[in-house]
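Note on naming: letters A, B, ... go to the chains in the order of the sequence lines (proteins, then strands), and numbering restarts at 1 for each one. Just so it is clear, the values below take in all heavy atoms, side chains as well, and ignore hydrogens, waters and symmetry mates.
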There are 2 protein chains.
Amino acid sequence: MIDKTLSEREQIREAGLKVTHPRMRILRLLEESEQIHLSAEEVYRILIETNEEIGLATVYRVLTQFEQSGILKRHNFETGHSVFELDRGEHHDHLLCIKCGAVEEFHDEQIESLQYKVSEAHNFKTIDHSLTIYGHCKSCQV
Amino acid sequence: MIDKTLSEREQIREAGLKVTHPRMRILRLLEESEQIHLSAEEVYRILIETNEEIGLATVYRVLTQFEQSGILKRHNFETGHSVFELDRGEHHDHLLCIKCGAVEEFHDEQIESLQYKVSEAHNFKTIDHSLTIYGHCKSCQV
DNA sequence: TACGCAAACGATAACGATTATCAATTGTTT
DNA sequence: AAACAATTGATAATCGTTATCGTTTGCGTA
Ligand SMILES: [Mn+2]
Ligand SMILES: [Mn+2]
Ligand SMILES: [Zn+2]
Ligand SMILES: [Zn+2]
């Protein structure tokens with residue numbers, strides 16, 4: 001959950017992490033990217049293109065740290081690699097186009113509460129859930 | 001979708017595959033296992049314990065073939081590996097205990113139809129979806 | 001039943017994403 | 001500015017899975 005009034009520097013501090021060049025650069029990148037959902041490799045590639053000398057290991061490490069401190073959300077779509085996005089505080093689920101890779105977001109309160117009901121009916125204590133709809137997006141239909 | 005009246009031999013034939021020893025053995029194992037959801041490594045380990053000389057590569061290959069021909073369903077829970085289960089014809093989703101690994105199944109027609117609505121609202125053509133609730137099962141709660 | 005041959009097998013190398021290692025560097029506190 | 005733990009980046013290692021390839025096998029045909 002991100003308080004948008006916090007600067008990158010403050011967010012990193014709040015996470016209990018030192019404010020280093022790689023961390024600042026990666027957080028800024030996530031905030032400024034057109035693409036909301038980015039993989040570690042994509043973040044790395046963007047850094048390289050910006051002539052940043054940041055190692056791939058650092059990218060993975062920082063993304064994981066940001067996830068653990070709540071700055072980022074990690075998603076394991078069925079693409080073989082994790083993707084990350086800033087935690088904007090509002091839970092949502094995803095529609096993923098299996099043709100072009102486009103990701104759309106949605107939130108449906110009814111689905112959420114029905115999930116909770118299901119969970120209760122099974123005496124299950126929900127911690128998290130993942131709902132992804134796979135298919136063809138509007139522009140990928142024939 | 002499995003026609004339960006078909007023997008293993010017939011199911012494999014229907015899939016357009018030769019009836020080989022490894023395929024028969026793996027299909028039978030899936031049908032006779034207490035555990036509904038099994039990973040490739042688990043299938044391999046069970047075969048080894050039964051003194052079957054079936055290679056790990058063959059296990060992966062056969063599971064994938066069975067999936068492609070509709071005999072099995074593959075799930076990518078957030079466990080780092082795929083798990084497989086017989087396709088019993090009735091779609092369902094899962095509750096996964098992150099403590100003991102137990103998997104429970106559920107089906108909620110309301111959730112299904114709401115997902116369809118969401119999909120429609122986004123001009124999205126649904127092909128598949130994956131809904132998994134993560135948490136603590138009844139026996140893992142303090 | 002034996003033959004022929006594509007299909008399938010199993011050992012193992014290779015792969016892609018991710019994590020671990022470790023010497024050198026850097027941020028923060030004094 | 002010194003001191004020192006935290007962090008970095010190059011790279012080795014790991015893990016689940018897939019590709020390779022010489023050998024074996026299922027099965028349609030003679
Ligand atoms: Mn999202
Ligand atoms: Mn199931
Ligand atoms: Zn698309
Ligand atoms: Zn449990």
Self-check item: Distance in angstrom units between B/Leu63 CG and C/dA8 P, rounded
Solution: 15 Å
Quiz item: Roughly how many Å is it from NE2 in B/His81 to C1' in C/dT18, rounded to a whole number?
Solution: 16 Å
Quiz item: What pairs meet the salt bridge (charged side-chain N to carboxylate O under 4.0 Å, His left out) rule with one or both residues in residues 104-124 of chain B, with sequence neighbours excluded?
Solution: B/Arg88-B/Glu105
Self-check item: Along DNA chain D, first and last positions that approach a heavy atom of chain B under 4.0 Å
Solution: D/dG16 to D/dC27
Self-check item: d(CD, A/Glu67; P, C/dT18) in whole Å
Solution: 12 Å
Quiz item: Reading nucleotides 20-30 of chain C from the 5' end, what letters show protein touch, with B for base, S for backbone sugar-phosphate only, - for no heavy atom under 4.0 Å?
Solution: BB-----BS--
Exercise. Kindly say if A/Ser82 contacts the phosphate of C/dT18, meaning a side-chain N or O under 4.0 Å from OP1 or OP2.
Key: yes
Quiz item: What's the CD1-C1' distance between B/Ile26 and C/dG10, to the nearest Å?
Solution: 12 Å
Practice problem: Mind checking the CZ-OG spacing from B/Phe106 to A/Ser119? Nearest 0.5 Å is all I need. | Solution: 8.5 Å
Exercise. Would you mind telling me which of A/Val43, A/Ile46, A/Thr64 makes a side-chain contact (heavy atoms from CB on, under 4.5 Å) with A/Val59?
Key: A/Val43
Quiz item: Looking at B/Arg25, B/Arg23, B/Arg28, which one forms a salt bridge (charged side-chain N to carboxylate O under 4.0 Å, His left out) with B/Glu8?
Solution: B/Arg28
Exercise. Using heavy atoms and a sub-4.0 Å distance, could you list which residues of residues 36-56 of chain B are near DNA chain C? By number, please.
Key: B/Glu53, B/Ile54, B/Gly55
Self-check item: side-chain contact (heavy atoms from CB on, under 4.5 Å), paired with A/Val62, selected from A/Leu27, A/Leu72, A/Ile26
Solution: A/Ile26
Quiz prompt | Estimated bend of the helix from C/dT1-D/dA30 to C/dT30-D/dA1 (axis per five terminal pairs, rounded to 10 degrees) | solution = 30°
Quiz item: Mind checking whether B/Gln141 and B/Lys99 have side chains closer than 4.5 Å, heavy atoms only?
Solution: no
Quiz prompt | Nearest-0.5 Å distance that lies between atom NZ in A/Lys18 and atom CD1 in A/Ile12 | solution = 13.0 Å
Quiz item: Are any of the side-chain heavy atoms of A/Leu38 and A/Leu29 separated by less than 4.5 Å?
Solution: yes
Donor-acceptor pairs under 3.5 Å, side chain of residues 128-140 of chain A to any protein atom, not counting sequence neighbours: which ones?
unit_1, atom_1, unit_2, atom_2, d
A/His129, ND1, A/Gln115, OE1, 3.3
A/His129, NE2, A/His91, NE2, 3.1
A/Tyr134, OH, A/Glu78, N, 3.2

Exercise. Name the orientation class of the two ring planes belonging to B/His75 and B/Phe77 (parallel below 30°, tilted from 30 to 60°, perpendicular beyond 60°).
Key: parallel
Practice problem: Report yes if some heavy atom in the side chain of A/Leu56 is under 4.5 Å from a heavy atom in the side chain of A/Glu41; otherwise report no. | Solution: yes
Quiz item: Are B/Arg45 and B/Glu49 ion-paired here, with the side-chain N under 4.0 Å from a carboxylate O?
Solution: yes
Self-check item: From A/Leu114 atom CG to B/Gln110 atom CD, the distance as rounded to the nearest 0.5 Å
Solution: 5.0 Å
